[in-house]
Colleague: 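The structure follows.
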Amino acid sequence: MRNGESGVRGTPGPAAASGPSGAAGAGAPLRIACILGGQEEPDCRPPAAAHWLDELAGARGGMTLRVLDLADYDLPLRYPAHPTEQMASFTAELAWAEGFVVVTPECNRSFPAQLKHAIDIGYDEWHAKPVGFVSYGFGCDGVRAVEHLRSVFTELHTVTVRDSVGIDLRFTDEKFPAGGSLYSDGLVRAAGALLDQLTWWGLALREARATRPYVA
């Protein structure tokens, strides 16, 4: 949501305490928020994907990953005159992050409405940061949801990385239950490429934001 439209942009709180726009030192680990945009129950697929990504990111080092499950936020359906505590908490997490991984199912050839609503809660907090995607679906790997998200995030002045992870649950469901594993060679390679690009852009844009303010 653009500043001034409804006055709903959250004020960064403790999660963004490291400085303006969540600024971090040059040698600090890259701060990544993994946003779970699915509509499943909490013990289903999105948390399993987040756990998997967290393990891969931890193994490579240089990155801190924090999971933002939209089910944990009571975001109002109508934009209020002033941000609610939940809205402020969510946008503070966005401000803390230096990059994002969005985990989304493909629903009717796009991504879920609750994910779009959550994305629109923020505006400045997204600017000049990289975004990667992990998508999944039955009979598809979620690529259409990702293509729609790329257009949305372009409007928010982000950089979406080229490589993404797509999971067709027809072939991976037995490896993707709650607490399950996603360690097939193809998926691990795809995740590695995503994290490589997210790291490159995250560090480059950290330096750029520190050198000069982003103009939107």
Side-chain angles (χ1 to χ4, degrees), residues 21-22 24 28-38 45-70 90 93-107 110-112 114-116 118-120 122 125-137 140-169 172 176 182-209 214:
S21 300
L30 191 65
R31 301 193 304 269
I32 302 298
C34 180
I35 300 174
L36 304 187
R45 295 182 180 87
H51 176 71
W52 173 68
L53 281 173
D54 192 29
E55 285 193 357
L56 294 177
R60 61 192 285 132
M63 182 180 294
T64 298
L65 189 144
R66 181 180 291 177
V67 176
L68 305 183
D69 190 341
L70 296 186
F90 182 69
E93 295 289 352
L94 300 183
W96 168 86
E98 300 176 287
F100 305 92
V101 177
V102 177
V103 180
T104 181
E106 181 173 315
C107 302
S110 192
F111 58 94
Q114 67 173 17
L115 177 55
K116 180 61 164 67
I119 291 169
D120 289 345
E125 298 86 356
W126 297 110
H127 286 178
K129 298 176 183 179
V131 182
F133 304 99
V134 175
S135 59
Y136 58 92
C140 66
D141 59 6
V143 65
R144 291 168 293 201
V146 170
E147 290 307 308
H148 287 183
L149 281 166
R150 289 187 189 279
S151 297
V152 171
F153 279 108
T154 295
E155 186 66 17
L156 291 168
H157 302 266
T158 72
V159 175
T160 61
V161 302
R162 183 215 180 261
D163 285 31
S164 61
V165 179
I167 303 161
D168 188 338
L169 298 179
T172 59
F176 201 16
L182 281 167
Y183 299 104
S184 71
D185 289 343
L187 290 177
V188 170
R189 283 196 302 271
L194 183 157
L195 293 174
D196 283 345
Q197 294 164 24
L198 198 69
T199 299
W200 192 94
W201 279 107
L203 294 176
L205 291 172
R206 170 196 282 178
E207 181 179 345
R209 291 192 308 273
Y214 181 75

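Only heavy atoms go into these numbers, but all of them, side chains included; no hydrogens, no water, no symmetry mates. Index from 1, following the sequence.
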Colleague: Quick one: side chain to side chain donor-acceptor pair (under 3.5 Å) partners of Arg189, sequence neighbours excluded?
Modeller: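 Arg189 satisfies side chain to side chain donor-acceptor pair (under 3.5 Å) with no residue once adjacent residues are dropped.
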Colleague: Below 30° counts as parallel, above 60° as perpendicular, anything between as tilted: where do the rings of Phe133 and Phe153 land?
Modeller: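 Aromatic pair Phe133/Phe153 classed tilted.
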Colleague: Going by ring-ring contact (aromatic ring centres under 6.0 Å, His included), name the residues that satisfy it together with Phe90, two or more places apart in sequence or in a different chain.
Modeller: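 For Phe90, the residues satisfying ring-ring contact (aromatic ring centres under 6.0 Å, His included) (neighbours in sequence not counted) are Tyr73.
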Colleague: Check whether any side-chain heavy atom of Lys129 sits under 4.5 Å from a side-chain heavy atom of Arg209, and report yes or no.
Modeller: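 Contact flag for Lys129/Arg209 side chains = yes.
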Colleague: Check whether any side-chain N or O of Ser135 sits under 3.5 Å from a backbone N or O of Thr104 as a donor-acceptor pair, and report yes or no.
Modeller: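 Here the side-chain-to-backbone pair does not exist.
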Colleague: Between Ala50 and Leu36, what is the shortest heavy-atom contact and its length?
Modeller: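 Taking every non-hydrogen atom into account, CB-CD2, 3.8 Å.
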Colleague: Do the side chain of Trp126 and the main chain of Ile119 share a donor and acceptor less than 3.5 angstrom apart?
Modeller: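 It does hold such a pair.
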Colleague: What do the steps show when you test Leu187 against Trp52 for side-chain contact (heavy atoms from CB on, under 4.5 Å), and what is the final call?
Modeller: CA-CA 11 Å; Leu187 290 177; Trp52 173 68; 4.0 Å; yes
Colleague: Would you compute the distance between atom OG1 of Thr158 and atom NE2 of His127 and round it to the nearest 0.5 angstrom?
Modeller: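 NE2 of His127 is found 9.5 Å from OG1 of Thr158.
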Colleague: Leu194 versus Val101: any side-chain heavy-atom pair under 4.5 Å?
Modeller: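 Of all side-chain heavy-atom pairs linking Val101 with Leu194, at least one is under 4.5 Å.
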Colleague: Can you check side-chain contact (heavy atoms from CB on, under 4.5 Å) on Ile32 and Leu53, steps first, answer last?
Modeller: CA-CA 11 Å; Ile32 302 298; Leu53 281 173; over 6 Å; no
Colleague: Grab the two heavy atoms, one from Leu198 and one from Gly132, that are nearest each other, plus how far apart they are.
Modeller: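 Closest approach of Leu198 to Gly132: CD1-N, 3.8 Å.
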Colleague: Is there a side-chain contact between Arg60 and Asp196 in this structure, where contact means two heavy atoms from C-beta onward sitting under 4.5 Å apart?
Modeller: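 Contact flag for Arg60/Asp196 side chains = yes.
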Colleague: Are side-chain heavy atoms of Asp120 and Lys116 found at a separation under 4.5 Å?
Modeller: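 Sidechains of Lys116 and Asp120: in contact.
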Colleague: Which pairs would a plain distance check flag for residues 160-167, meaning a side-chain donor or acceptor within less than 3.5 Å of a matching protein atom at least two apart in sequence or in another chain?
Modeller:
{"unit_1": "Thr160", "atom_1": "OG1", "unit_2": "Arg150", "atom_2": "NH1", "d": "3.2"}
{"unit_1": "Asp163", "atom_1": "OD1", "unit_2": "Gln197", "atom_2": "NE2", "d": "3.3"}

Colleague: Looking at side-chain heavy atoms only, is the closest gap between Asp54 and Cys34 below 4.5 Å?
Modeller: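 Sidechains of Cys34 and Asp54: no contact.
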Colleague: Provide the closest heavy-atom pair for Ala33 versus Leu68 in the form atom of the first, atom of the second, distance.
Modeller: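 Reported closest heavy-atom pair: CB-CD1, 3.9 Å.
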Colleague: Identify the heavy atoms of Val143 and Glu106 that sit nearest to each other, and give their distance.
Modeller: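 Where Val143 meets Glu106 most closely, the heavy atoms are N-OE1, 3.5 Å.
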Colleague: Quick one: are Leu94 and Ile35 in side-chain contact, heavy atoms under 4.5 Å?
Modeller: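 SC-SC contact between Leu94 and Ile35 confirmed.
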Colleague: Search all heavy atoms of Met63 against all heavy atoms of Ala57 and return the closest pair with its distance.
Modeller: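 Distance-wise, the nearest heavy atoms are SD-CB, 3.7 Å.
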Colleague: Looking only at heavy atoms, what is the nearest atom pair of Leu195 and Leu56, with distance?
Modeller: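 Taking Leu195 first and Leu56 second, the nearest heavy atoms are CD1-CB, 4.2 Å.
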Colleague: Heavy atoms, side chains only, cut-off 4.5 Å: are Val102 and Phe111 in contact?
Modeller: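 Not touching, per the 4.5 Å side-chain cut-off.
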